[in-house]
Amino acid sequence: MGHGNQTSVSEFLLRGLSQWPEHQHLFFGLFLSMYLVTMAGNILIFLAIVSEARLHTPMYFFLASLSFADIGLSSSTVLKMLFNLYTQHHTISYTGCLTQLYFFLSFGDMDSFLLAVMAYDRYMAICHPLHYGTAMSPRVCVVLVSVCWVITNLHALLHTLLMAKLSFCVLGEISHFFCDISPLLKVSCSDTHINELMVFVVGGPIMTVPFLCTLVSYICIVYTILRMPSSGGGRSKAFSTCSSHLSVVCTFYGLIMMMKHAILYREMTD
């Protein structure tokens, strides 16, 4: 796969939590508890929506899809981290690393796309209620989710295939607790300009477009709600239909920002 000072590695060392060996059992218990709570919550939401006919509406259809994506996103990263914490071996195979990268990108992108679709659903319900039944028919909902899955999987496949063409240094130490694009590029011994270009050209819009769609949808929603008469409870009812989704959006993008800052801090201190 490489030559000279380049070589093919069989595994990578995940340094994310390996610097605190005395706290490994504490980390294991903490992350296991968080993972089980996340899985239980999402599975219960998914099963409740599937089994209850009254919840077979566009909003809950998207929520069930979001729960499924959350299950995949959590499992793609946390399961391997828990295994490494339990065994005290902070390594991941080359194939496992690329597989983890693919599913992390696919499910992570899917979360942001579904949040944008759910924001659009709330926009149609509040801003254009008379056209809601037509605009968000079952067929349209299925098409929207299918398009999101196709786009996110193609994006994940693109970066995974580009990463598979790179050679990596002998040590293969990744300054993270799972395989992500940026940490992997830093340990590559190959020319990574194409990968970095694709991160900017393709990855940039993949992250910003759903966020902007969500933002614009909520700006329109707030504007419409503020124009409603204060009497009659119309405002409070409209706010209640999108408050839970808005809290999920803030949590999702807040965690992304925290993770980016944590990675940046780790890279500066290494």
Side-chain angles (χ1 to χ4, degrees), residues 41-73 106-156 202-257:
N42 283 303
I43 290 174
L44 289 175
I45 290 174
F46 185 83
L47 293 178
I49 294 173
V50 171
S51 61
E52 180 56 59
R54 291 178 299 176
L55 300 181
H56 293 175
T57 62
M59 181 177 67
Y60 288 105
F61 172 70
F62 297 137
L63 181 59
S65 301
L66 183 65
S67 295
F68 179 79
D70 282 341
I71 291 173
L73 180 62
S106 179
F107 287 118
D109 292 343
M110 191 61 189
D111 266 3
S112 63
F113 271 79
L114 285 174
L115 289 175
V117 170
M118 294 173 72
Y120 174 72
D121 172 71
R122 293 300 84 203
Y123 162 77
M124 292 301 302
I126 295 173
C127 301
H128 302 284
L130 297 179
H131 302 285
Y132 181 76
T134 304
M136 303 305 295
S137 65
R139 181 176 179 274
V140 172
C141 293
V142 171
V143 169
L144 285 174
V145 173
S146 299
V147 169
C148 290
W149 277 113
V150 170
I151 293 175
T152 55
N153 278 273
L154 288 177
H155 176 242
V202 180
I206 287 291
M207 286 300 300
T208 56
V209 169
F211 173 75
L212 291 177
C213 290
T214 303
L215 181 63
V216 171
S217 296
Y218 271 102
I219 290 175
C220 295
I221 289 172
V222 171
Y223 177 73
T224 301
I225 292 176
L226 293 178
R227 292 179 59 191
M228 293 179 178
S230 57
S231 60
R235 287 186 178 180
S236 59
K237 183 178 180 181
F239 271 120
S240 65
T241 61
C242 58
S243 58
S244 58
H245 175 255
L246 185 59
S247 63
V248 173
V249 171
C250 295
T251 302
F252 177 76
Y253 285 104
L255 289 174
I256 288 179
M257 293 179 63

TODO: Kindly indicate, with the supporting measurements, whether the criterion side-chain contact (heavy atoms from CB on, under 4.5 Å) is fulfilled by Met136 and Phe62.
DONE: CA-CA 11 Å; Met136 303 305 295; Phe62 297 137; 3.5 Å; yes
TODO: Find the distance between CG (Leu66) and CG (Leu115) and round it off to the nearest 0.5 Å.
DONE: 5.5 Å
TODO: Indicate the ring-plane relationship of Phe68 and Phe46, choosing parallel, tilted or perpendicular according to the 30° and 60° boundaries.
DONE: tilted
Task: Nearest heavy atoms of Asp109 and Thr152, plus distance in Å - done: CB-CG2, 3.4 Å
Open item on the list: Measuring from atom CD1 of Ile71 to atom CG of Leu73, what distance do you get when rounded to the nearest 0.5 angstrom?
Closed with: 11.0 Å
- [ ] Hey, could you give me the OG/CG distance between Ser67 and Asp111, rounded to the nearest 0.5 Å?
- [x] 9.5 Å
Task: Interatomic distance, Ser65 atom OG to Asp70 atom CG [nearest 0.5 angstrom] - done: 11.0 Å
TODO: Return the minimal non-hydrogen interatomic distance between Cys127 and Cys220, and the atom names on each side.
DONE: SG-O, 3.6 Å
- [ ] Check whether any side-chain heavy atom of Asp121 sits under 4.5 Å from a side-chain heavy atom of Tyr132, and report yes or no.
- [x] yes
Task: Full working for side-chain contact (heavy atoms from CB on, under 4.5 Å) between Ile45 and Tyr60 - done: CA-CA 9 Å; Ile45 290 174; Tyr60 288 105; over 6 Å; no
TODO: Can you see which heavy atom on Ala119 is nearest to which on Ile221, and at what distance?
DONE: O-CD1, 4.1 Å
- [ ] Could you tell me the separation between the CG atom of Leu215 and the OG1 atom of Thr208, rounded to the nearest 0.5 Å?
- [x] 12.0 Å
Task: Met124 side, atom CE; Ser217 side, atom OG - distance, nearest 0.5 Å - done: 10.5 Å
TODO: Check whether any side-chain heavy atom of Met110 sits under 4.5 Å from a side-chain heavy atom of Val145, and report yes or no.
DONE: yes
Task: Heavy-atom pair with the smallest gap, counting every atom of Ser106 and Ala156 - done: N-CB, 3.7 Å
Task: Minimum heavy-atom distance Pro210-Ile206, with the two atoms named - done: CD-O, 3.0 Å
Task: Taking every non-hydrogen atom, the tightest pair across Val140 and Thr134 - done: CG2-O, 4.3 Å
